[in-house]
Amino acid sequence: RQRLVLLRAAALYDKFVDFAVDSVSRFEQLVEPDEIVKVWWKNLEYHSDFSLLFFQNHVGEILAEDRRTVIKSHAYQSKKIRMLRSAVIDGGEAMQVFNMAIFPRPCFDLPIFCADFFTSSSRSIFVLDLNPLYNVEADKAYKDKYYSELLPLVKKHSKLLPWGEKLTGESLQFFSPIVLWSKPESNKEVDEAIYLAFQDYIMAWTRIIGAATSETDIDATCRNKVAHHRYLTWRASKDPGRPVLRRLLGEDRCEHYIHEFLFNGLHDLGTSSFTEYFPEYRCEDGTVNTARSIIGKSYSERPWNDTGTFIHRSG
Ligand code: BLA
């Protein structure tokens with residue numbers, strides 16, 4: 001098993017994880033993930049038909065059901081970070097996926113670092129953002145606090161990573177005015193641009209967390225907790241990565257991976273259900289509408305201008 005790992009070339013996105021971990025480590029001492037994540041690692045060992053290639057402290061590596069694709073999962077925590085986790089899916093030439101989220105502890109109102117990159121031989125998808133904890137249009141102070149200074153990053157990177165096709169309206173409400181959303185061609189220049197953008201956003205986020213001071217007000221911490229829980233509830237239910245993960249892991253393990261690992265915190269940070277947060281998805285029989293979007297797709301161009309003002313050019 002170990003040999004199989006050693007013989008594989010590095011996946012396209014391995015260096016992204018290394019860069020993020022190194023950068024965050026300059027500000028925060030990253031330590032082993034907490035019990036829940038360890039339980040998740042350990043659970044894998046007991047799935048006898050499941051190929052655990054490697055697992056140690058921060059990293060778990062599993063062989064998918066196609067017996068070719070490797071899924072590498074990293075997890076860390078620190079004083080200020082509830083969980084830094086990533087999933088690197090190495091499907092060779094056919095598919096490379098990188099998904100990283102860094103969740104600050106709820107005593108901070110900091111944005112959630114979010115990267116979602118997918119590349120196949122024919123197309124790629126690129127989402128990079130510091131997802132706001134609060135609606136940036138309704139909460140101007142939050143927007144000014146975290147995003148005003150970072151707006152030049154958009155101009156810098158959107159030349160090579162221009163706005164992608166239409167997005168679902170729902171996704172947009174979780175994005176900030178500095179989001180980079182692109183569907184670039186897969187080539188070397190774009191790979192380089194993606195790495196540079198990722199480095200800039202990681203450095204911006206680590207500077208923010210480095211300077212952050214904890215809320216002193218318990219109500220503020222509770223509000224942050226609810227905002228995190230709402231975000232996790234959304235993503236665990238409507239994540240665009242689900243079909244790929246289902247194919248690779250099978251239905252049960254996919255759900256386990258999404259609920260216990262990728263969007264860990266769902267069980268601890270709040271108790272509201274999906275339809276309590278998103279009532280528009282409630283069906284008449286009380287179940288959750290399985291559609292990914294109710295609003296539909298919109299925004300064929302970046303809906304923020306250079307100063308980060310939302311300009312409703314939907315359509
Ligand atoms: C595709 N990921 C996408 C797309 C978006 C995002 C916008 C394009 C498809 C679409 O329009 O929905 C990302 N959408 C987000 C994010 C939010 C959102 C970050 O609403 C935040 C609220 N994606 C994941 C995970 C994996 C993943 C965990 O979040 C896998 C481990 C993979 N994303 C993934 C894949 C695709 C994708 C495989 C391509 C899906 C397809 O079009 O076939």
Side-chain angles (χ1 to χ4, degrees), residues 16-17 19-41 57-60 73-87 99-116 128-136 139 141-147 149-150 174-176 178 198 201-236 239 257-272 277:
F16 287 64
V17 182
F19 183 84
V21 170
D22 281 355
S23 307
V24 175
S25 299
R26 290 206 192 111
F27 291 86
E28 284 285 286
Q29 195 192 350
L30 293 173
V31 297
E32 270 188 38
D34 64 16
E35 286 309 312
I36 302 166
V37 177
K38 278 194 225 150
V39 167
W40 181 75
W41 275 181
N57 301 341
H58 307 286
V59 192
S73 313
H74 287 74
Y76 299 85
Q77 63 178 351
S78 76
K79 257 189 172 155
K80 291 182 178 175
I81 296 170
R82 186 178 63 77
M83 181 161 82
L84 177 165
R85 60 88 182 138
S86 66
N99 187 274
M100 176 173 274
I102 318 181
F103 301 101
R105 293 196 185 272
C107 53
F108 301 96
D109 70 353
L110 308 183
I112 297 164
F113 181 88
C114 162
D116 189 24
L128 180 62
D129 192 23
L130 311 187
N131 289 158
L133 216 50
Y134 296 104
N135 183 311
V136 281
D139 189 342
Y142 189 83
K143 182 160 147 181
D144 290 345
K145 184 171 174 187
Y146 291 120
Y147 298 104
E149 271 185 33
L150 300 177
F174 292 101
F175 292 164
S176 82
I178 62 158
F198 178 77
Y201 277 61
I202 277 285
M203 288 189 292
W205 190 87
T206 52
R207 274 195 299 272
I208 292 176
I209 197 149
T213 49
S214 166
E215 310 265 15
T216 46
D217 175 13
I218 189 119
D219 289 344
T221 296
C222 287
R223 258 197 319 276
N224 297 342
K225 226 181 208 182
V226 171
H228 273 280
H229 191 249
R230 178 177 181 271
Y231 178 91
L232 293 167
T233 303
W234 172 263
R235 292 204 58 191
D239 205 88
Y257 191 63
I258 288 178
H259 288 93
E260 307 302 326
F261 177 67
L262 290 176
F263 301 112
N264 178 293
L266 266 176
H267 310 303
D268 321 308
L269 296 178
T271 52
S272 296
Y277 289 125

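Heavy atoms only: backbone and side chains are in, while hydrogens, waters and symmetry mates are out.
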Asks: Between W205 and L110, is there a donor-acceptor pair closer than 3.5 Å when you use the side chain of the first and the backbone of the second?
Replies: no
Asks: Using atom types as modelled and distance alone, determine if a side-chain donor or acceptor of K225 lies under 3.5 Å from a backbone N or O of G270.
Replies: no
Asks: Find the distance between CZ (R82) and CZ (R105) and round it off to the nearest 0.5 Å.
Replies: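 R82 CZ to R105 CZ: 8.5 Å, rounded to 0.5 Å.
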Asks: Look only at the side chain of Q77 and the backbone of E32, and say whether a donor-acceptor pair between them is shorter than 3.5 Å.
Replies: yes
Asks: If we ignore hydrogens and angles and just use 3.5 Å, is the side chain of Y142 paired with the main-chain N or O of D109 as donor and acceptor?
Replies: yes
Asks: So how far is it from E28 CD to Y76 OH, rounded to the nearest 0.5 Å?
Replies: 14.5 Å
Asks: Can you tell if the side chain of F27 reaches within under 4.5 Å of the side chain of S78, non-hydrogen atoms only?
Replies: no
Asks: List the residues meeting side-chain contact (heavy atoms from CB on, under 4.5 Å) with H267, not counting sequence neighbours, and say none if there are none.
Replies: E260
Asks: Within this structure, what is the CD1-CZ distance for the pair I208 and F108, rounded to the nearest 0.5 Å?
Replies: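 Result: 13.0 Å between the selected atoms.
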Asks: Let me confirm one number: the CZ-CG distance from R230 to L269, rounded to the nearest 0.5 Å.
Replies: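 One finds 14.5 Å between CZ of R230 and CG of L269.
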Asks: Do you know the tightest heavy-atom contact between V21 and S25?
Replies: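 Smallest interatomic distance, heavy atoms only, reads O-OG, 2.5 Å.
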Asks: Closest heavy-atom contact between N99 and R235?
Replies: ND2-NH2, 3.7 Å
Asks: Measuring from N264:CG to F103:CZ, what's the distance to the nearest 0.5 Å?
Replies: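 If I round to the nearest 0.5 Å, the distance is 8.5 Å.
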Asks: Taking side-chain contact (heavy atoms from CB on, under 4.5 Å) as the definition, give me every residue that meets it alongside A227, ordered by chain and number, with sequence neighbours left out.
Replies: L133, Y134
Asks: Not counting sequence neighbours, list each pair that qualifies as a side-chain hydrogen bond (donor to acceptor under 3.5 Å, both in side chains) and has a residue in residues 209-220.
Replies: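 Applying side-chain hydrogen bond (donor to acceptor under 3.5 Å, both in side chains) to every pair that reaches into residues 209-220, excluding sequence neighbours, yields E215-N224.
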Asks: Rounded to the nearest 0.5 Å, what separates atom CG in L130 from atom OH in Y201?
Replies: 7.0 Å
Asks: Please determine whether side-chain contact (heavy atoms from CB on, under 4.5 Å) holds for the pair Y231 and F174, giving the CA-CA distance in whole Å, both sets of side-chain angles, and the decisive distance to 0.1 Å.
Replies: CA-CA 8 Å; Y231 178 91; F174 292 101; 3.8 Å; yes
Asks: Ring pair (Phe, Tyr, Trp, His ring centres under 6.0 Å) with F113: which of F16, Y146, F198?
Replies: F198
Asks: Which heavy atom in H229 sits nearest to a heavy atom in L266, and how many Å separate them?
Replies: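 Smallest heavy-atom distance, with atoms named: NE2-O, 2.8 Å.
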Asks: I need the minimum non-hydrogen distance between P104 and P111, along with the two atoms involved.
Replies: CG-O, 3.6 Å
Asks: Taking D129 for its side chain and C114 for its backbone only, find out whether a donor-acceptor pair lies under 3.5 Å.
Replies: no
Asks: If you compare all heavy atoms of M100 against all heavy atoms of I202, which two are closest, and at what distance to 0.1 Å?
Replies: SD-CD1, 4.4 Å
Asks: Does any donor atom in the side chain of Y257 or S73 lie under 3.5 Å from an acceptor atom in the other side chain?
Replies: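 There is such a pair (donor and acceptor under 3.5 Å, judged by atom type) between the side chains of Y257 and S73.
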Asks: Walk me through it: do H228 and I112 pass the test side-chain contact (heavy atoms from CB on, under 4.5 Å)?
Replies: CA-CA 9 Å; H228 273 280; I112 297 164; 3.7 Å; yes
